[in-house]
Amino acid sequence: MSDVIRIKDLRNRVGQTVSLRGWVCTARSSGKIAFVVLRDGTGNLQCVVSKNEVGESVWEAVKALTHETSVKVTGGVREDARSPGGVELGLTELTILGLSVDFPITPKEHSTSFLFEHRHLWLRSKRQEAIMKVRHEVVQSIRDFFYERDFCLVDTPLLTAAIGEEAGTLFETEYFDLGKAYLAQTGQLYLEAAAASLGMVYCFGPTFRAEKSKTRRHLAEFWMVEPEVAWYDSDDNMRLQEDFVSYVVQRCLERRKTELEVLERDTSRLVPVEPPFPRVSYTDAIARLQDEGRSIEWGKDLGAEDETKVATWSDKPVFVFNYPKEAKAFYMKRNPDDPRTVLSNDCLAPEGYGEIIGGSQREDDHDILLSRIREENLPEDAYDWYLDLRKYGTFVHSGFGMGVERVVAWICGVPHVRETIAFPRQMHRIRP
RNA sequence: UGGGGUGUAGCUCAACUGGCAGAGCGCCUGGCUGUUAACCAGGAGGUUGGAGGUUCGAAUCCUCCCGCCCCAGCCA
């Protein structure tokens, strides 16, 4: 493997002469001195070029540099208070590796549609780099959290027969001679099967919804992490969620300070995110929302504004639990204390970010589950294996799904989930 | 799928009541030895989203189409 020098390591090489490669962020030249700022994904480096100290050919090459040209530079590393970052390179040699002509993204403002049409180039900007690094931290902390707690990763299929929720929201494709297949909306049902084998499991992958949504909280393709735990009831489930969310948030605060600063995130809003989170039942939440002037009736799911309102009741995420069964999926366990509701919960993030988790205890009674499938007019034969799980040693179990992009958006403080994934898939956007 | 906006130079926008299509940035040329989105001077750059219509005259008014943005619903 070649010994590539990265900008972040230059602090340890003061006094040495080094060569490194990168892309030009900005190039400014005066009559006899020029400043070239390079980036390489690990940091930015100011290179200083004095006309007197380099040959004519290097000087001409420096003057020809344009935004995003890739270069190899050689020079002495030195400390200088005038340089951003405190370290700079006294450039003596320059090789242009790949010229960049008329880079479309300039240092001034652009509209969001222009930027997303140039997403492949926009990713190079400092801000997008910071978001990707926070996303990376979120993903790694998710894996670490479950690994440390002895969960077993089980990868669930992305191609499925009709199973999940409603057909209108499924992406459809041809599957050999077996007819139609659909892109997975959730791994949960498969995970329930795995939980009966491994006890504590999770899946983590892309998921697909053909919903024609055009809000700041929706994507057609997004990443969801879904744990499923045998013998956990709804209360255990919420305790797991608050531990999990807190772990991810605190990890980003510890390890991604620099990126959160680039994003100008007010991190004081994230510091309080520690267990326990406040819990309010759906029924109590409706009553309180009505008291606060919201026109919402019992039985309806909370709207976006209602969720934002609920989130203001605390500086932590808030659990709303036990929703009406009509507002929720068929597989959620009926509440024995109030049959109008099911043992479910949403976790609502502060600052208007809304639902980041939806979870529930699962219906473990075969006959009740079957009657729920019939009530919802779901294709019974597609669920035969799912019903089997209730025929052969049924078990109390619970789980939830957390949307990675929503969590990243919340932690970064960015308004729209589309910025939190490298190449967002939306109703009107399939490229780049 | 509803409701509300919007489309003018490469980008972001301006152009009064229908009357010569403009600015900033970027780009090109020249100047400047410590710049931080450098600065100063000059220059190039346009089928006003598309198709029709009204008018002496349309970026502007009318009809249809297309793209995008925001909000809502669906959810994570």
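Note on naming: letters A, B, ... go to the chains in the order of the sequence lines (proteins, then strands), and numbering restarts at 1 for each one. The shown structure was predicted, so the numbers you read here are calculated from the model rather than taken from an experiment.
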Item to check | Distance below 4.0 Å between A:R216 side-chain N/O and B:C71 OP1 or OP2 | outcome: yes

Checklist entry - Quantified in whole Å, what is the P atom distance between nucleotide B:C65 and nucleotide B:U1? => result 14 Å

Checklist entry - For the residue pair A:F145 and A:F244, does the interplanar ring angle fall in the parallel (under 30°), tilted (30 to 60°) or perpendicular (over 60°) class? => result tilted

Item to check | Below 4.0 Å: OP1/OP2 of B:C69 and any side-chain N or O of A:R418 | outcome: yes

Checklist entry - When you compare B:G22 with B:C32, how far apart are their C1' atoms, in angstrom units rounded to a whole number? => result 30 Å

Checklist entry - Say you pick atom C1' in B:A21 and the same atom in B:C16; how far apart are they, in whole Å? => result 15 Å

Next on the checklist: Heavy atoms only, 4.0 Å cut-off, all strands: where does A:Q46 land among base, sugar-phosphate and nothing?
Outcome noted: base

Checklist entry - Would you say A:T156's side chain and A:Q188's backbone share a donor-acceptor pair under 3.5 angstrom? => result no

Next on the checklist: What's A:H118 touching, base or sugar-phosphate or nothing? Going by heavy atoms closer than 4.0 Å.
Outcome noted: nothing

Checklist entry - What is the ring orientation for A:F151 with A:Y202, classed by angle as parallel under 30°, tilted 30 to 60°, or perpendicular over 60°? => result perpendicular

Checklist entry - For B:G73, which nucleotide in any strand shown is its Watson-Crick or wobble partner with both distances under 3.5 Å? => result none

Next on the checklist: Using the six-membered base ring of B:A76, report whether A:F222 stacks on it, requiring centroids under 5.5 Å and planes under 30° apart.
Outcome noted: yes

Next on the checklist: I'd like to know if A:E405 and A:R135 make a salt bridge, using a cut-off of under 4.0 Å between side-chain N and carboxylate O.
Outcome noted: yes

Checklist outcome for this item: Within residues 6-19 of chain A, those residues having any heavy atom closer than 4.0 Å to RNA chain B are none

Checklist entry - Within the modelled atom types, does a donor on one side and an acceptor on the other bring the side chain of A:E88 and the base of B:G34 under 3.5 Å apart? => result yes

Checklist entry - How is A:Q426 classified with respect to the nucleic acid when contacts are heavy atoms under 4.0 Å: base, sugar-phosphate, or nothing? => result nothing

Next on the checklist: What contact category does A:D80 fall into here, base, sugar-phosphate, or nothing, at under 4.0 angstrom with non-hydrogen atoms?
Outcome noted: base

Checklist entry - Contact class for A:G303 vs. all strands (heavy atom < 4.0 Å): base, sugar-phosphate, or nothing? => result sugar-phosphate

Item to check | Touch class at under 4.0 angstrom, heavy-atom based, for A:T215 against every strand present | outcome: base

